[in-house]
Structures are given as C-alpha cells and as structure tokens.
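Remarks on the structure that follows.
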Amino acid sequence: MSEPAQQATTGLDDAPESDGLDISPGKIAFPVVMGRTSEFFDFFVYGIAAVLVFPYLFFPDSDPVQATLKSFAVFSLAFIARPIGSIIFMAIDRNFSRAAKLIGALFLLCGSTMAIAFLPSYAQVGMLAPVLLAVFRFGQGLGWGGAWDGLPSLLSLSAPANRRGWYAMVPQLGAAIGFMLACGMFYVFTRALSQEDFMAWGWRFPFFVALALNVVALFARLRLVVTPEFKRLFDEKELQPRRVIETIRTHPRQVFVGALIPLATYAMFHLVTIFPLSWTTLYTDHDAADFLGSLFLGSVVGGLGIMLSGVLADRVGRRGQLGIAAVLIGIFSFFAAPLLGSDTTGGRTTYVIVGFALLGLSLGQASNAIASRFESIYRYTGAAVTSDIAWLVGAGFAPLVALGLCSKFGLEYVGYYLLSGAVVTLGALAFSRTLETVR
C-alpha cells in the first residue's frame, strides 16, 4: 500500500487538519446549502408530480395503481443516469475546469426540469408524451450527477475538529429546505385551484420556479469555485477530480462498503416523502392537499433532526450516531404499516412526523460518512461515485418497489423494506470497523 493510502482519511470520523488558508466554514456553508436546496427542489417537484399528475396525464390508459407504478419507473431513471453524469462531468472537470463542469451540469439539470413544464399530455401526442418525460427525467439525473462541486467535503475539512459533525450536516439541510419549498408550492396550488385548473396548468408552475432557484444557487457556488483563494484551498486539500474507473479500481472496498453504510437513510428517504403520498392518494380518502400539509410539517421536523445529528455526531462520533439512527429506523419499521395503514389521518401524520425525524437524524451524517472513507487525493471523485451508487441502490427504486409490493402483498412490506435497510447499514458499519482505523 502506498504511503498516501496508509495515511488515508478512511474512517467515519475525520481527524483534525490544518486549514492552510484563513477561510471560515461559514463562508462555505451558504453556497453549499443553496446548491443542495436547488438540486433537491428539482427532484422533489418531480417526485410529487409523479404521484399527483403524471399517472393521469402520461399514463391514462392504465388504472391508477398501474399508472403510478409506471410513473415511478420513470422516476427511477434519474438514479440510473446519475453515475453516468458523474463520469461525463468529471471528464469535463479534468479537461476544462470545475466552473465549466458546474455550469454545464446545472444548466442540464435546470433545463430538463423546465422542459417537463412544457410537455404535452398523452391525450395530445400519444406515446410521445411519456417518452419525452423519460428523456427529460434521464437528463435530470445526468445533471444531478454532474452537479457535485466538492464544497461539502471542503466544508467538512475546513471545519474545527470539535465541530466536524455539525458542519457535516449543513449540506443536508438543503434536502429539508428543498422539500419544504416543493411541498409548500404544491400545497398552495392544490388548495387554491380547481382540480381541472391544477391538472391543466397549475402543476407546471413549480417546474418554472426551478429556473430562478438554480440561477441563484449557480452564482452562489461559482463565487467560491472560481475565486483564486478557493482554488488554492481545493489544491491544498487535494480535492481534485480523478478518473472514476481509477478511483473504483484502487478503492473497491471503500466504494462497496461506503455505498452500503447509508442504505437505511436512503431507503427511508422516499418511504417518508414520495411513497406515503402515493399510498394515501390511492388507498385512502385522506385529502392530498391535507397530506401535503403533513409532509411539509414533517420536513420541518426533518430539518431539526438533521441539526440534531450534528450535535450527536460531535459527542458520540459519526459511526455511533449512524448506528443509533439505524437501530431507531429498525424499530420504527415494526410500526410503519400500522401507522400508515391507520383508519385515521392522525396515524398517517404520525408516520410522517416520526419518519422525518428519524430520516433527519440519519441523513445529517450519511453523506460525509461516504466522503470520509477516502484519502484526500481521491475524496472528490470517491465521494461522488459512492454517493451515486448508494442513491441508486437505496433510494432509486424505493417508491416503485414499495408500492408494487404493498399493492400485491400488503402494507407491512414497507416495514420489511425499512428493516432490511437498517440491517444492511448496521452490518456495513460493523464490517467497516474490521477494515479501517476509526479516528
């Protein structure tokens, strides 16, 4: 093993490092949060529309359950495209610049999201409508894969040693804020418009908003990425793009185990956001707008859970914090079906609130647990690639698989799905201890 590899930052808790340049983590935090907010807003707008709109506009020849399953199959395409996007845009990064990569990726992500707003329905153009939906969903995934800018890793490495857990959770706040914005907009439009107006044009407006949000996020990130001081800081931390194949070849165990560690988190991710909305609208009389209100409240609780994860990680370590969250998700899995299948709206709302709290507690440290497994020279590419695989395996097909199983075999399969994710996470955490020195 080479000397750099022997000194790798491969544990789940980062060791203190010298900043080298006098740049505060707070200066990095805002563009990081803005960037993640814009990305997750794009994806949650699509996810909510995949339940409330797309089954009826693009797959009207199927019954509601089958139409929603088809919509979720298209939803999964972005997670298949994401690793491909990472490979393409990492090459752009190496051969041109990080700014060129970021601009291209965000324009592709934003452009694909905007294009969906203009799509004709199946009634207007037939099969071309779902084909175009799939094409632009794939484009979203390519852009999402290329949007990795390395700023979360830079934030973690630049943070004070005793607050690394706190700063590691900061990027994940973008997920909570992005869902709040997407959920809030759909709540307003489903409340303010008639069903006919919402299906005709109201659902399209949130996709337009993606343009403004992505432009603001792009400039916030570019202000850091292109400045000389941050270029020097990226160089000093060795956060430079490496070839994806080289990264996987030299770090197969880190990639494999790193992709499994956040499985409980990513399994939980869509099972408290997109899936319960589909189950509720298809199998209960719970009003969709009211349930969107519950989801919005849940996202607030999830944001608080993300912040709590930073406090706990600094006290018990990232490995311990992730283990605690996985155990709690495993316990929650036994109550998931009774709560979501409850005859009362209170039971379903409890499922959402508790689920979001556990999601936040787990999500807050999941991403940096992946990044911290690589020494600095491979950290930029390794974090992106491993995260792509983790999202694909853990979250990409979760709504499709969960709804498919539950529609045939019963709601208890949501619990089994969550339990399997928790077991895999705990196993990966235990296995990683035998491979690495935790610092």
Side-chain angles (χ1 to χ4, degrees), residues 12 165 168-169 172 175-176 179 257-277 279 294-295 297-313 315-342 347-370 387 390-399 401-403 405-406 411-433:
L12 294 181
M169 70 82 193
Q172 309 312 317
F179 188 75
V257 179
L260 296 181
I261 284 175
L263 210 64
T265 305
Y266 294 159
M268 192 79 165
F269 195 84
H270 285 141
L271 294 188
V272 296
T273 54
I274 306 304
F275 167 73
L277 181 61
W279 177 267
S294 298
L295 289 172
L297 179 59
S299 65
V300 176
V301 174
L304 295 175
I306 290 172
M307 289 188 283
L308 178 59
S309 77
V311 176
L312 290 177
R315 293 189 176 184
V316 303
R318 186 174 296 121
R319 186 194 300 274
Q321 192 274 328
L322 286 170
I324 291 171
V327 169
L328 291 176
I329 290 173
I331 294 172
F332 176 73
S333 69
F334 294 99
F335 300 92
L339 288 174
L340 191 56
S342 172
R348 291 186 285 273
T349 299
T350 300
Y351 170 89
V352 168
I353 301 301
V354 176
F356 262 103
L358 297 179
L359 173 62
L361 192 64
S362 182
L363 181 64
Q365 301 299 314
S367 180
N368 210 59
I370 293 174
S387 181
W391 278 106
L392 175 62
V393 175
F397 300 95
V401 172
L403 182 60
L405 289 174
C406 292
L411 196 55
E412 61 271 14
Y413 276 79
V414 174
Y416 300 154
Y417 196 102
L418 287 174
L419 182 60
S420 66
V423 169
V424 171
T425 290
L426 290 171
L429 287 171
F431 184 66
S432 68
R433 184 181 291 276

Backbone of L429 reached by a side-chain donor or acceptor of R319 within 3.5 Å: yes
If you look at every heavy atom in A398 and Y417, which pair is closest and at what distance? CA-OH, 3.5 Å
What is the ring orientation for W279 with F275, classed by angle as parallel under 30°, tilted 30 to 60°, or perpendicular over 60°? tilted
Do the side chain of T425 and the main chain of A326 share a donor and acceptor less than 3.5 angstrom apart? no
Roughly how far, to the nearest 0.5 Å, is CD1 of I324 from CG of L328? 7.5 Å
On a heavy-atom basis, which atom in A176 and which in S299 lie closest, and how many Å separate them? CB-O, 3.9 Å
Classify the angle between the aromatic ring planes of W391 and Y266 as parallel (below 30°), tilted (30 to 60°) or perpendicular (above 60°). parallel
Less than 4.5 Å apart, side chain to side chain, heavy atoms only: is that true for F332 and L339? yes
Identify the two heavy atoms, one from G165 and one from Q365, that lie closest to each other, and give their separation to 0.1 Å. O-NE2, 2.8 Å
Taking L295 as the fixed residue, which of I274, L277, T273, V272 is the one that meets the side-chain contact (heavy atoms from CB on, under 4.5 Å) rule? L277
Measure across G258 and P262 and return the closest heavy-atom pair with its distance rounded to 0.1 Å. O-CD, 3.0 Å
Is any side-chain heavy atom of L361 closer than 4.5 Å to a side-chain heavy atom of Q321? yes
What is the distance from atom CD1 of I331 to atom CG of L418, rounded to the nearest 0.5 Å? 13.0 Å
List the atom of I353, the atom of S294, and the distance in Å for their closest heavy-atom pair. CD1-O, 4.2 Å
OG1 (T265) and CE (M268) are apart, to the nearest 0.5 Å, by 9.5 Å
What heavy-atom pair brings H270 and P399 nearest, and what distance separates the two atoms? CB-CG, 3.7 Å
Atom pair CZ/CG of F431 and L260 - distance to nearest 0.5 Å: 9.5 Å
Going from CG on L419 to OG on S333, what distance comes out if it is rounded to the nearest 0.5 angstrom? 4.0 Å
Taking the six-membered ring for Trp, are Y351 and F335 closer than 6.0 Å centroid to centroid? no
Mind checking the CG-CG spacing from L363 to L358? Nearest 0.5 Å is all I need. 12.0 Å
